[in-house]
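Note that the structure is a prediction, hence the values are computed from the model and not measured. Numbers restart at 1 for each chain; the letters A, B, ... are given by sequence-line order, proteins then strands.
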Protein chains: 2
Amino acid sequence: MTNRREAVREILSHSEGFRSAQDIYAQMRAAGAKIGLTTVYRALQTLADSGQIDVLRTDEGESVYRACATGTHHHHLVCRRCGRTVEVAGPAVERWAEAVGAEHGFTAITHTVEVFGTCPSCTAAASSS
Amino acid sequence: MTNRREAVREILSHSEGFRSAQDIYAQMRAAGAKIGLTTVYRALQTLADSGQIDVLRTDEGESVYRACATGTHHHHLVCRRCGRTVEVAGPAVERWAEAVGAEHGFTAITHTVEVFGTCPSCTAAASSS
DNA sequence: CGTCAAAATGAAAACGGTTGTCAAAATCAG
DNA sequence: CTGATTTTGACAACCGTTTTCATTTTGACG
């Protein structure tokens with residue numbers, strides 16, 4: 001069992017950036033896997049619940065998933081053109097978030113940070129066009 | 001014209017936190033306004049396009065809107081219990097985002113930051129329970 | 001091996017928020 | 001007033017996601 005779930009995790013861990021559920025489903029079908037869309041969703045949900053993968057929503061309302069290298073807290077620097085993702089640690093932001101929360105008397109501070117930009121190769125591609 | 005659009009903006013500017021489109025629609029109908037859901041969406045879109053309001057997606061995939069006091073770039077500190085929102089400026093984060101992007105050769109850096117916590121009164125309420 | 005119960009699977013339907021369509025209504029020239 | 005233009009809103013279409021439910025797979029036990 002959980003053969004499918006592991007297959008999904010495999011795909012994710014070999015992917016560079018964020019992948020959508022449908023994207024993963026399409027890839028698995030293209031690779032000849034006999035799997036249903038439902039199962040992909042369920043696998044992703046289970047993996048997310050157990051903290052093995054990250055989930056976030058795109059501006060278009062699609063959920064995207066990513067297997068992160070480390071289990072520790074970190075953020076992402078995402079290329080807005082090609083989707084290339086770099087994991088970045090940011091002690092400065094962590095401290096800032098804590099400070100800003102404390103300043104207003106808030107407790108149990110958490111935060112989400114996403115940095116977007118155009119990666120070197122896409123910047124080159126864009127300027128040459 | 002744009003009577004409806006202004007009505008929508010009115011609602012938003014008198015609201016404390018983020019409101020969903022359907023939420024706003026419901027309130028306007030409850031208040032007796034003759035307006036369609038489509039028009040609310042259109043008004044919100046127009047306002048967002050012209051930068052007069054902020055949009056973001058909840059984890060549930062719903063778009064939520066907010067009229068911000070200032071037109072300048074800032075972030076939000078949101079109480080996860082009561083939804084109370086404080087606008088916070090964060091020069092430190094801006095600089096950090098720029099730096100982290102530049103470090104990896106990314107250009108045209110933008111970022112989204114949301115800080116969540118439990119506000120003073122909710123913290124008190126929780127501990128007394 | 002059978003047998004049966006529990007878990008996993010997937011096709012299709014349901015769902016919910018959002019967006020498109022299109023005809024009717026309001027608004028604006030002239 | 002008349003005709004053109006814009007705005008409007010009821011409704012259908014869309015799209016990603018979730019639920020449903022019948023079927024299949026799995027695993028324990030005799």
Any idea which heavy atoms bring B:Trp96 and A:Ala92 closest together, and the distance?
CD1-CB, 3.8 Å
Would the distance check show the side chain of B:Arg57 and the main-chain N or O of A:Asp59 forming a donor-acceptor pair, the cut-off being under 3.5 Å?
yes
In this structure, how many angstroms lie between the P atom of C:dG17 and the CD1 atom of B:Ile24, rounded?
14 Å
If I take atom CD1 in residue A:Ile35 and atom P in nucleotide D:dT24, what distance separates them, rounded to the nearest angstrom?
18 Å
Between B:Lys34 (NZ) and C:dA26 (P), how many Å, whole number?
12 Å
Which whole-number value in Å describes the distance from B:Leu56 CG to C:dG17 P?
17 Å
Just the rounded figure in Å: distance from C1' of D:dT8 to CG of B:Leu44.
15 Å
Parallel, tilted or perpendicular: which one describes the rings of A:His111 and A:His75, with boundaries at 30° and 60°?
tilted
Rounded to whole Å, CZ of B:Arg5 lies from C1' of D:dT6 at a distance of 11 Å
Please produce a list of atom pairs where a protein N or O lies less than 3.5 Å from an N or O of nucleotides 18-23 of chain C.
from: C:dT18; atom 1: OP1; to: B:Ser63; atom 2: N; distance (Å): 2.6
from: C:dT18; atom 1: OP1; to: B:Ser63; atom 2: OG; distance (Å): 3.3
from: C:dT18; atom 1: OP2; to: B:Tyr41; atom 2: OH; distance (Å): 2.3
from: C:dT18; atom 1: O5'; to: B:Tyr41; atom 2: OH; distance (Å): 3.2
from: C:dT19; atom 1: OP2; to: B:Gln45; atom 2: OE1; distance (Å): 3.3
from: C:dG20; atom 1: O6; to: B:Thr38; atom 2: OG1; distance (Å): 3.3

Can you tell me how far the CG atom of A:Leu77 sits from the CD atom of A:Glu87, to the nearest 0.5 Å?
11.0 Å
N/O donor-acceptor pair under 3.5 Å between A:Thr118 side chain and A:Thr123 backbone:
no
If you round to the nearest 0.5 Å, how far is CG of B:Leu56 from NE2 of B:His76?
8.0 Å
